[in-house]
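Along the sequence shown, the residues carry numbers beginning at 1. Remember, predicted model here, so these are calculated numbers, not experimental data.
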Amino acid sequence: MEQNHLQPPDRKTAFFSMLSITAGILALFACMSPPLQLLCGAMALMMAYISKNRHSMSAPAIIGSLMGFWGIFCSFLVLGLYVMTIRMLDDPSYVAMHREFMRQYQDLINAFSFK
């Protein structure tokens with residue numbers, strides 16, 4: 001009869017899997033800085049892989065790698081939105097719309113200002 005020996009993860013594996021979760025959380029919350037988000041997402045994936053240590057990945061490592069993947073995906077999405085916004089503002093047909101939007105925004109601020 002074969003026995004299944006479940007061993008708790010060693011300290012190195014637990015440390016790197018917690019680093020993976022931490023980097024994944026930073027990757028998700030650094031959404032206004034795509035380079036920082038991409039770096040944190042890549043670190044989360046690397047730390048999850050390092051924590052594997054010839055065994056299957058632990059649950060924190062899997063969670064960290066998923067958050068790192070979504071951080072990388074969101075960084076490309078936000079970067080694409082930045083590029084699209086800059087290209088839109090360079091188009092002369094959108095300049096008038098942008099000025100009208102800013103005028104309405106300023107009127108709204110002036111309406112709620114306390115004098």
Side-chain angles (χ1 to χ4, degrees):
M1 184 165 150
E2 185 179 320
Q3 292 181 354
N4 187 3
H5 295 287
L6 293 176
Q7 297 175 353
D10 61 346
R11 293 178 65 89
K12 180 183 174 188
T13 301
F15 176 72
F16 281 117
S17 61
M18 291 315 263
L19 274 178
S20 174
I21 284 182
T22 304
I25 290 171
L26 288 174
L28 291 178
F29 286 114
C31 59
M32 289 301 133
S33 175
L36 179 65
Q37 192 173 28
L38 181 64
L39 179 71
C40 289
M43 281 179 45
L45 290 175
M46 287 188 308
M47 293 300 134
Y49 181 74
I50 290 172
S51 75
K52 189 174 175 183
N53 197 18
R54 295 184 305 262
H55 301 292
S56 60
M57 274 201 241
S58 62
I62 292 171
I63 293 169
S65 63
L66 287 174
M67 286 192 291
F69 172 75
W70 281 109
I72 291 172
F73 176 74
C74 290
S75 72
F76 285 117
L77 185 69
V78 170
L79 184 65
L81 289 173
Y82 282 165
V83 169
M84 186 180 73
T85 302
I86 289 171
R87 293 190 71 177
M88 186 178 79
L89 290 176
D90 285 343
D91 190 5
S93 62
Y94 288 108
V95 172
M97 181 182 72
H98 183 259
R99 284 189 183 146
E100 178 62 25
F101 174 75
M102 293 306 287
R103 186 192 62 74
Q104 290 176 1
Y105 179 70
Q106 187 64 42
D107 290 344
L108 184 66
I109 289 177
N110 290 339
F112 287 110
S113 65
F114 299 104
K115 292 183 182 183

| field | Side chain S75, main chain Q37, donor-acceptor under 3.5 Å | value | no

| What residues form a ring-ring contact (aromatic ring centres under 6.0 Å, His included) with F73, not counting sequence neighbours? | W70

| Transitively linked via ILVMFWY side-chain contacts under 4.5 Å: I50 with M57? | no

| field | A44 versus G64, closest heavy-atom pair with distance | value | CB-O, 3.6 Å

| message | Listing request: all ring-ring contact (aromatic ring centres under 6.0 Å, His included) pairs with a residue in residues 77-110, at least two apart in sequence or in separate chains. | response | none

| query | Under a 4.5 Å side-chain heavy-atom rule over Ile, Leu, Val, Met, Phe, Trp and Tyr, are L19 and L45 clustered together? | reply | no

| task | Indicate the atoms forming the closest heavy-atom contact of A61 with S17, along with that distance. | result | N-CB, 3.8 Å

| Spacing of D90 atom CG and M88 atom CE [to the nearest 0.5 Å] | 10.5 Å

| Check: S65 side chain, I62 main-chain N or O, donor-acceptor pair, under 3.5 Å | yes

| task | Please round to the nearest 0.5 Å and tell me the distance separating atom CE of M47 and atom NZ of K52. | result | 16.0 Å

| So if you build clusters from Ile, Leu, Val, Met, Phe, Trp, Tyr with side-chain heavy-atom gaps below 4.5 Å, do L38 and L36 land together? | no

Side-chain atoms of residues 21-29: list all donor-acceptor pairs with protein atoms under 3.5 Å, sequence neighbours left out, distances to 0.1 Å.
residue: T22; atom: OG1; partner: M18; partner atom: O; Å: 2.9

| Rounded to the nearest 0.5 Å, what separation is found between the CE atom of M46 and the OG atom of S20? | 10.5 Å

| Around atom CZ of R103, are there more than 12 heavy atoms of other residues, nucleotides or ligands at under 6.0 Å? | yes

